[in-house]
Number of protein chains: 2
Amino acid sequence: MKILNDTVTKIDKINFLLAADTQRRLNNLTKPQGSLGRLEELAKQVVEITRAKNPPVANKVVFVMAGDHGVTDEGVSAFPKEVTPQMVYNFLRGGAGINVLARHVGARVVVADLGVAVDLQAHPELVVRKVNYGTKNMAKGPAMTRQEAVKSIENGIEIFEVEYKKGIHLAATGEMGIGNTTPASAIVSVITGRTAAEVTGKGTGIDDAAWQKKVDVIKKAIDVNKPDPMDGIDVLAKVGGYEIGGLTGVILAAASHRVPVVVDGFISSSAALLACIIEPDVKDYLIASHSSVEKGHKIVWDHLGLKPILDLNLRLGEGTGAALAMGIVEAGVKILTEMSTFENAGVSERT
Amino acid sequence: MKILNDTVTKIDKINFLLAADTQRRLNNLTKPQGSLGRLEELAKQVVEITRAKNPPVANKVVFVMAGDHGVTDEGVSAFPKEVTPQMVYNFLRGGAGINVLARHVGARVVVADLGVAVDLQAHPELVVRKVNYGTKNMAKGPAMTRQEAVKSIENGIEIFEVEYKKGIHLAATGEMGIGNTTPASAIVSVITGRTAAEVTGKGTGIDDAAWQKKVDVIKKAIDVNKPDPMDGIDVLAKVGGYEIGGLTGVILAAASHRVPVVVDGFISSSAALLACIIEPDVKDYLIASHSSVEKGHKIVWDHLGLKPILDLNLRLGEGTGAALAMGIVEAGVKILTEMSTFENAGVSERT
């Protein structure tokens, strides 16, 4: 618990006072005032978070965390459980969606095993911080112990710290775990107070009957475990997952170092909710990457008061939407740091 | 007229038959089917346009065309007319918004003078294809002659042809011309049949009184000139602009070479409308980059049946939204060409 407490203690409020000066600088650039809309807002947010006048954005890292879920015993996913390790190998070989999109935006990918159900083959780029071999079936009792929940968050923090030493200007979250829309839906239902049916989507692609079953499993998991919505660690332990806890740790650690975090899809957003319950000041360090097809995603963004950057009908996870959004955030910062002013360019201002 | 006719003759329908095979290939990639939403649609469209199984996308070009507008005599813009040449110099020095965003996505910028009101200083990267020194005041008569309208389109075609020889996989439109939201609104009103008030926004930033005046000027220009909505050249001549004609030419030339065109903001979209009136098959070569604050923009996309990729509250023009969208289109194509298949990656498919 010490690592988690120390990290949370280091999290400050972002510096809202820097917005006005940054907007003044944006207004001096050769364009009508405010005409770059969201790009300008993103530049301001990054300044407020980093406290840097001209924040660097070159070092971008997507943290992709993997874990398995005992609740797959209930038949909640369209894909078999062995896909989790198979996809981890795919990440390590560079052939998955997140690899393609991270290369496209110039981000590196950190792949970590927080709780895959099998031992993975060693690989120089695989970070092994396994808390356990998959969670237990949350429909029958807690997914993990409270100690394991803390451990998964602290493992995430430590994974971030290692990468932070190599340099990170912008972090993004990503995940892989067959069945993990189910714990994510449970977390979102508990924290936002919305019903399981309201927050539950069709994951990787299930039919109506399977969806109803998934909703029933989520309801049951909440009824059986009674997670305390004011206690993020309790929610994580009872209806969460190891990779979700790992991402919660990444988000907390990033905020403690004043690094903006681009949050990916629905599962990542459930980790963001947990981080905000643990430390509400984290919210302003978050950038909502995109609006997923998964219907609970919008509920999370609304709950946190965040407006997603992209709306491309994505529902893959892995950090794919976050990687694309990182490219847009970087563009916004470059507008602030690379454009000419009216004065330097000898351009007349409006009459 | 020969250059224009020859170009239009070369424009084929895109090959819709390639969509099914491409979707099959996308479905074999290591992700749930359809889970990359819009990225998959973009990849399919680029295959249909280029007829290439694995279309290259590295060579990206933003065509930024400049022109002046006699209608600024009516006081329709918040910025003085000298900003047009000043911004052209800014483009050539690399300090404008489009330069920053084109560098960000790895696109080159071609800057062309189609009708700036003054002679510009020579610059090795400035393409001078001036049709005339600014248009005439369209509130009092035609903006240009029919011959000039054809010339502006043909100049755009020739500018594209020069760049095409250097290699273009993806083209984007951009423009600069103080006052040019006024002709763009007039073009959109004439072609879509919507009223001037419905399609007219606040350009670079004018107040309500100035907006009403702008609407009145547009109405008057349409009343005085009576452009024929079925004749794109007539519309361009009577209520258009030289840079708008140039972009119409770029779009037609790109389609004739099976190069996808990412269309930028409101003014660019008015050029796209003209190109589609001249040759309706052009429509399928177009990719709508973003949804601008300028309210007529949505009307154009709806009229053409195009769905914009981004919604970032942009209203700068220059090709800025198109440059960002090019990055997303490129990402979509890379998904198709760089991701592993289930078979290659040894990943199990859904049960």
Side-chain angles (χ1 to χ4, degrees), chain A residues 29-41 77-80 82-83 86-87 89-90 93-97 99-101 103-105 203-205 293 309-318 320 323-324 327-328 330-331 334-335 337-341 344-351, chain B residues 29-41 77-80 82-83 86-87 89-90 93-97 99-101 103-105 203-205 293 309-318 320 323-324 327-328 330-331 334-335 337-341 344-351:
Chain A
L29 303 175
T30 49
K31 56 175 186 53
Q33 290 191 9
S35 61
L36 284 175
R38 192 72 198 272
L39 295 181
E40 299 188 30
E41 289 171 28
S77 179
F79 280 83
E82 69 257 27
V83 168
Q86 288 167 348
M87 283 301 296
Y89 297 132
N90 197 18
R93 277 190 302 259
N99 302 105
V100 173
L101 298 181
R103 277 197 299 272
H104 178 61
V105 300
T204 49
V293 177
I309 297 174
L310 299 170
D311 186 1
L312 299 171
N313 283 325
L314 308 179
R315 55 178 173 86
L316 177 56
E318 299 181 3
T320 48
L324 284 179
I328 306 290
E330 189 176 7
K334 284 177 174 175
I335 287 298
T337 60
E338 297 186 11
M339 265 186 77
S340 292
T341 60
N344 288 344
V347 174
S348 307
E349 298 202 46
R350 57 183 293 167
T351 45
Chain B
L29 303 176
T30 50
K31 57 173 186 54
Q33 291 191 8
S35 61
L36 283 175
R38 192 73 199 273
L39 294 182
E40 300 188 30
E41 289 171 29
S77 177
F79 280 82
E82 69 257 27
V83 168
Q86 289 167 348
M87 283 301 297
Y89 297 133
N90 197 19
R93 277 190 303 259
N99 302 105
V100 173
L101 297 181
R103 278 197 297 272
H104 178 60
V105 300
T204 51
V293 176
I309 297 175
L310 300 169
D311 185 2
L312 300 170
N313 282 324
L314 308 179
R315 55 178 174 86
L316 177 55
E318 297 181 4
T320 48
L324 285 178
I328 306 291
E330 189 175 7
K334 285 178 174 176
I335 287 299
T337 59
E338 297 186 11
M339 265 186 77
S340 291
T341 60
N344 287 344
V347 173
S348 307
E349 297 201 47
R350 57 181 297 168
T351 46

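Model, not experiment: these values are computed from the prediction. Each chain gets a letter, A, B and so on, in the order the sequences are listed, and its residues count up from 1. Values reported hereafter were calculated over all heavy atoms of this structure, with side chains retained and with hydrogens, waters and symmetry mates removed.
For the options A/V293, A/L312, A/L324, heavy-atom pairs under 4.5 Å to chain B are most numerous at A/L312. Counting heavy-atom pairs closer than 4.5 Å to chain A, the top-ranked of the candidates B/G327, B/S35, B/S340 is B/S35. Each of B/K31, B/E318, B/M87 has some count of heavy-atom pairs under 4.5 Å with chain A, and the biggest count is that of B/M87.
In this structure, B/R315 and A/P32 approach most closely via the heavy-atom pair NH1-CB, 4.0 Å. B/V100 and A/M339 make their closest contact through CG2-CG, 3.7 Å (heavy atoms, listed as atom of the first residue, atom of the second, distance). Between A/A96 and B/T30 the shortest heavy-atom distance is CA-OG1, 4.2 Å. Listed here is the closest heavy atom pair of B/A345 and A/N90: CB-OD1, 3.6 Å. Contact detail for B/V83 and A/S348: the closest heavy-atom pair is CG2-O, 3.4 Å.
Only the side chain of A/L310 comes within contact range of chain B, with at least one heavy atom under 4.5 Å from a heavy atom of that chain. Using a 4.5 Å cut-off between heavy atoms, A/T320 touches chain B through its side chain atoms alone. Interface remark: A/L29 contributes no atoms to any contact with chain B (heavy atom separation under 4.5 Å). For a residue to count as touching a neighbouring chain, one of its non-hydrogen atoms must lie under 4.5 Å from one of that chain's; by this rule A/E82 touches chain B with the side chain only. In this structure, the portions of A/L36 lying under 4.5 Å from any heavy atom of chain B include both its backbone and its side chain. Heavy atoms closer than 4.5 Å to chain B are found in the backbone of A/Q33, but not in its side chain.
Note: B/E338 CD to A/R103 CZ = 5.0 Å, rounded to the nearest 0.5 Å.
Shown are B/N313, B/L101, B/L316; of these, the side-chain contact (heavy atoms from CB on, under 4.5 Å) with A/L39 is made only by B/L101.
Between the side chain of A/H104 and the main chain of B/I328, no donor-acceptor pair closer than 3.5 Å is present.
With sequence neighbours excluded, no residue satisfies side chain to side chain donor-acceptor pair (under 3.5 Å) with A/R93. Listed by chain and residue number, B/N344 satisfy the side chain to side chain donor-acceptor pair (under 3.5 Å) test with B/T341 (two or more places apart in sequence, or in another chain).
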